[in-house]
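One structure below.
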Amino acid sequence: MGQGRVHLYYKNVMSNVIGVKHGIGHSQLDELADQAGKEIVDLNNLRKAGQMPYRDLPFNKTYISQVKQVAETIKGKYENFVVLGIGGSALGNIALQTALNPYMYNIDEKQRGDGCPRLFVFDNVDPMQVGSFLDWAGDKLDKTMFNVISKSGRTAETASQFLVVREMLLEKLGADGYAKNVIATTDANGGTMRTITNDAGFVDLEVPDGVGGRWSVLSPVGLLSAAVCGIDIDGLLEGARSMDERCSNTDFYKNPAAINAAINWNYYMAGKPISVMMPYSYHLKDMSDWYCQLWAESLGKSEDLSGNKRFIGPTPVKALGTTDQHSQVQLYREGPNDKLFTFLQVKEFGRDITIGGTPDCAPELGYLAGASMAKLMNSEKAATEYALLKDKRPCLTVMFDRIDAHAIGEFICLFEVTTSLAGLLFAINAYDQPAVELGKEATFALMGREGFEDLAEKIAPVTEIDDDYLV
Ligand code: PA5
């Protein structure tokens, strides 16, 4: 076992555990090592050539000091911190908050750190949801800081939320209050949000150049809300740096990202296109959401790097242990053997609950009386894994010694580099998202944006409801 607090356990994909049909033999793994070994070198070279800016984020001292400075102006002064953003401008913030702050953080002042505000992340435009928040926050606006995060500023969801908030702030707090109660995290040089920021005089932070939304959690995009809510961002970045070193190791067998990418790639090519991430920890549940975006947007591509039509892409699925044992595991065991499972397991929860005694009328629950809830959680993980292995389903486990900022930084870096290496193995561009653009533009067209009239005409016949088919 190498250094670090997060490790990848891959024994349960091997053919000596699940058989030769679904498992990987040692010689096959050596072949994967040869192939992925080349990709590690290529990735290290790309990085040296400055072509992987997301890898430099944990080392960027300017960003961390800017973030800390801004965070200090908020803590103790604001009761609510609201992120307006979507996709890569929201999922990392949510994942960090769920992972590293207590479940009752927003509800219980005592469980929040000193001076830390409540956190809300709006990554949708559901008028019921947003309306409910505005009803509650309407008379607390002077105690509410909004962080609008948008690289472009043209994303309809974030822009619309921002415009709603802007109007409210102007109406209730005037121009000064509006300028004071918004922090913009956006492109340094251009784009709609940059123009608005310069015009309004918002305090601002930078979305780094060349770093797409889904790769930006360790930049000011994800760090500000984390710092404001008392998360140890130094530990987070230190963890990422230490995993970065492990993921640069050209020895395949010592590089967890290379093994992870190679195994995922192997199973996709071998007819298992679905990749299920199943944390056995409530706190890690939104890390699966973050992973799903990273995996799906990076690896789902119609063309390879040579322009050949390939329609590549493993499908990420999130599940939560133990919750989804009672909904999805039936399919996972008896449905098609077309999935690779990645469990997230925590060795030390940092706290335990002793289960209470049983009433005399229910002696069959006696085995639980006095037992540890942490033991139950990890026994359920082992039980599910055992059941899947009985059915020859390949299983990986990412082991966390415990959940802390350092470990979360390691995990983020592990999956980012895994995704980059998988991109090289699939020979696709993991850093663009051309297919997301059409949906964004179609929204502009349907909302009547100037210049999109032709597109609106094309959309109407396809999406208008045809009553003949409505039953
Ligand atoms: O990963 C991505 O690039 C996307 O999910 C973007 O983060 C998302 O579409 C929001 O874009 P923007 O930051 O320009 O508002």
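Legend: residues meeting side chain to side chain donor-acceptor pair (under 3.5 Å) with Q28, ordered by chain and number and at least two apart, are N266. For T463, the side-chain contact (heavy atoms from CB on, under 4.5 Å) test picks out I459, with sequence neighbours left out. Take P53 and apply the side-chain contact (heavy atoms from CB on, under 4.5 Å) test, not counting sequence neighbours, and it matches V211. Every ring pair (Phe, Tyr, Trp, His ring centres under 6.0 Å) that Y291 has, sequence neighbours left out, goes to W295, F415. Applying the side chain to side chain donor-acceptor pair (under 3.5 Å) test to S298 and every residue at least two apart in sequence or in another chain returns R214. Looking at residues two or more places apart in sequence or on another chain, you find no side chain to side chain donor-acceptor pair (under 3.5 Å) involving S242. Partners of E385 according to the side chain to side chain donor-acceptor pair (under 3.5 Å) rule, which considers only residues two or more places apart in sequence or in another chain, are N12, K381. The side-chain contact (heavy atoms from CB on, under 4.5 Å) test applied to M269 returns W265, R310, F426, not counting sequence neighbours. The side-chain contact (heavy atoms from CB on, under 4.5 Å) test applied to Y386 returns K390, not counting sequence neighbours.
Taking CG of L455 as the reference point, atom CD of E441 lies at 7.0 Å (rounded to 0.5 Å). Atom OG in S275 sits 11.5 Å away from atom CD1 in I263 (nearest 0.5 Å). With rounding to the nearest 0.5 angstrom, the CE atom of M145 is 5.0 Å from the CD1 atom of I74.
In the model, Y253 has a side-chain atom that pairs as donor or acceptor with a side-chain atom of D30 under 3.5 Å.
Judged as a ring pair (Phe, Tyr, Trp, His ring centres under 6.0 Å), the pairs with a partner in residues 212-247 (not counting sequence neighbours) are, in order, Y54-W215, W215-Y431. Here salt bridge (charged side-chain N to carboxylate O under 4.0 Å, His left out) pairs that include residues 422-439, with residues two or more places apart or in two chains, are R154-E437, K301-D432.
Relative ring orientation between W290 and F411 is described as tilted, the plane-to-plane angle lying within the 30° to 60° band.
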Less than 3.5 Å apart, which donor and acceptor atoms pair up between the side chains of residues 98-107 and the rest of the protein, not counting sequence neighbours?
residue : atom : partner : partner atom : Å
T98     : OG1  : I94     : O            : 3.0
T98     : OG1  : D286    : OD2          : 2.5
N101    : ND2  : Q97     : OE1          : 3.1
N101    : ND2  : C229    : O            : 3.0
Y105    : OH   : P117    : O            : 2.6
N106    : OD1  : L119    : N            : 2.8
N106    : ND2  : L119    : O            : 2.8

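Applying the 6.0 Å contact sphere to CG of D209 captures no more than 12 heavy atoms from other residues, nucleotides or ligands.
In terms of modelled atom types and a separation under 3.5 Å, the side chain of K309 and the main chain of D304 share no donor-acceptor contact.
Residues D391 and R393 are not paired through a salt bridge, judged by the lack of any N-O separation under 4.0 Å between the basic side chain and the carboxylate.
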